[in-house]
Participant: 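Structure in structure tokens, see below.
Keep in mind that the numbers below use all heavy atoms, side chains included, and drop hydrogens, waters and symmetry copies.
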Amino acid sequence: VQLQASGGGLVQAGGSLRLSCAASGRTFSRYAMAWFRQAPGREREFVAAISASAGTTYYADSVKGRFTISRDNAKNTVSLQMNSLKPEDTAVYYCAARKTSFISTHEYDYWGQGTLVTVSS
């Protein structure tokens, strides 16, 4: 599986961005997907995950209520709608795929290249 993230950019605090991740291959619909982020000088952290069927989602406390993860299995895409952005959301955002339908906050098998989100105050 190859993953290509896009949609990052510069936005003011309080604004919104929508990240997308396009996946190759025929197995996308069987994989759980997630978004992680890594801020400068910090470790990569879990942001949100969605099960293969989209029946289950899970969010880090820091983004709960502001971010929404979704997927379109017909188009092999997963998205992250980010609202009410804060300067502390500034990071490189990565999409990831897991070779199982169930979500995890840390065990993923495939990773995209990342897209930079910068939130100005």
Participant: Where do Arg71 and Ala52 come nearest, in terms of heavy atoms and distance?
Facilitator: NH1-CA, 3.4 Å
Participant: If only side-chain N and O atoms count, and only distance matters, is there a donor-acceptor pair under 3.5 Å linking Tyr31 with Thr27?
Facilitator: yes
Participant: So if you build clusters from Ile, Leu, Val, Met, Phe, Trp, Tyr with side-chain heavy-atom gaps below 4.5 Å, do Phe36 and Leu3 land together?
Facilitator: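 No, separate clusters.
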Participant: Is the Phe67-Trp35 ring centre distance short of 6.0 angstrom?
Facilitator: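 So the answer is no for these two rings.
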Participant: Mind checking the OG-CD spacing from Ser20 to Gln4? Nearest 0.5 Å is all I need.
Facilitator: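 With rounding to 0.5 Å, OG (Ser20) is 11.0 Å from CD (Gln4).
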Participant: How many angstroms lie between atom SG of Cys95 and atom CD1 of Ile69, to the nearest 0.5 angstrom?
Facilitator: 9.5 Å
Participant: Indicate if Val92 and Leu17 have the same hydrophobic cluster label, given that clusters are the connected sets of ILVMFWY residues with side-chain heavy-atom separations under 4.5 angstrom.
Facilitator: no
Participant: State, with a plain yes or no, whether a side-chain heavy atom of Trp111 is found less than 4.5 Å away from one of Arg44.
Facilitator: yes
Participant: Identify the two heavy atoms, one from Met33 and one from Val78, that lie closest to each other, and give their separation to 0.1 Å.
Facilitator: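 Looking at all heavy atoms of both residues, the closest pair is CE-CG1, 3.8 Å.
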Participant: Indicate the atoms forming the closest heavy-atom contact of Tyr58 with Thr105, along with that distance.
Facilitator: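 So the two residues come closest at CE2-CG2, 3.7 Å.
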Participant: Just how far is it from atom CD1 of Ile103 to atom OG1 of Thr56, taken to the nearest 0.5 Å?
Facilitator: 6.0 Å
Participant: Looking at Asn73 and Phe28, would you say the former's side chain and the latter's main chain have a donor-acceptor pair under 3.5 Å?
Facilitator: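 Absent.
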Participant: Do any N or O atoms from the side chain of Ser51 and from the backbone of Phe102 form a donor-acceptor pair under 3.5 angstrom?
Facilitator: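 Looks like no, no N/O pair under 3.5 Å.
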Participant: Strictly below 4.0 Å, N to O, side chains only: are Lys64 and Asp61 in salt-bridge contact?
Facilitator: yes
Participant: What is the minimum heavy-atom distance between Leu19 and Gly8, and which atoms define it?
Facilitator: CD2-N, 3.6 Å
Participant: Ignoring hydrogens, what is the shortest heavy-atom contact between Leu85 and Arg66? Give both atom names and the distance.
Facilitator: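 Scanning both residues, the minimum pair turns out to be CA-NH1, 3.9 Å.
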Participant: Ignoring hydrogens and geometry, is there a side-chain-to-backbone donor-acceptor pair from Gln38 to Tyr93 under 3.5 Å?
Facilitator: no
Participant: Asp109 side chain to Lys99 main-chain N or O, any donor-acceptor pair under 3.5 Å?
Facilitator: yes
Participant: With hydrophobic residues grouped by side-chain heavy-atom distances under 4.5 Å, do Tyr108 and Val1 end up in a single group?
Facilitator: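 No, because Tyr108 and Val1 fall into different hydrophobic clusters, even though each may have its own neighbours under 4.5 Å.
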Participant: Without hydrogens or angle criteria, can the side chains of Ser16 and Asn83 be said to hold a donor-acceptor pair below 3.5 Å?
Facilitator: yes
Participant: Take a 6.0 Å sphere around CD of Gln2 and say whether it holds more than 12 heavy atoms from other residues, nucleotides or ligands.
Facilitator: no
Participant: How far apart are the closest heavy atoms of Val117 and Met82, and which atoms are they?
Facilitator: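 Between these two residues, the closest heavy atoms are CG2-CE, 3.8 Å.
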Participant: With a 4.5 Å cut-off on side-chain heavy-atom distances among I, L, V, M, F, W and Y, is there a chain of contacts connecting Leu116 to Val47?
Facilitator: no
Participant: Hey, are the side chains of Gln81 and Ser70 touching, using non-hydrogen atoms and a 4.5 Å cut-off?
Facilitator: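 SC-SC contact between Gln81 and Ser70 ruled out.
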Participant: Check whether the ring centres of Phe46 and Tyr59 lie less than 6.0 Å apart, and answer yes or no.
Facilitator: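 No: the rings miss the under 6.0 Å criterion.
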Participant: Donor-acceptor pair, distance only, cut-off 3.5 Å: does the side chain of Arg37 make one with the backbone of Tyr94?
Facilitator: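 Absent.
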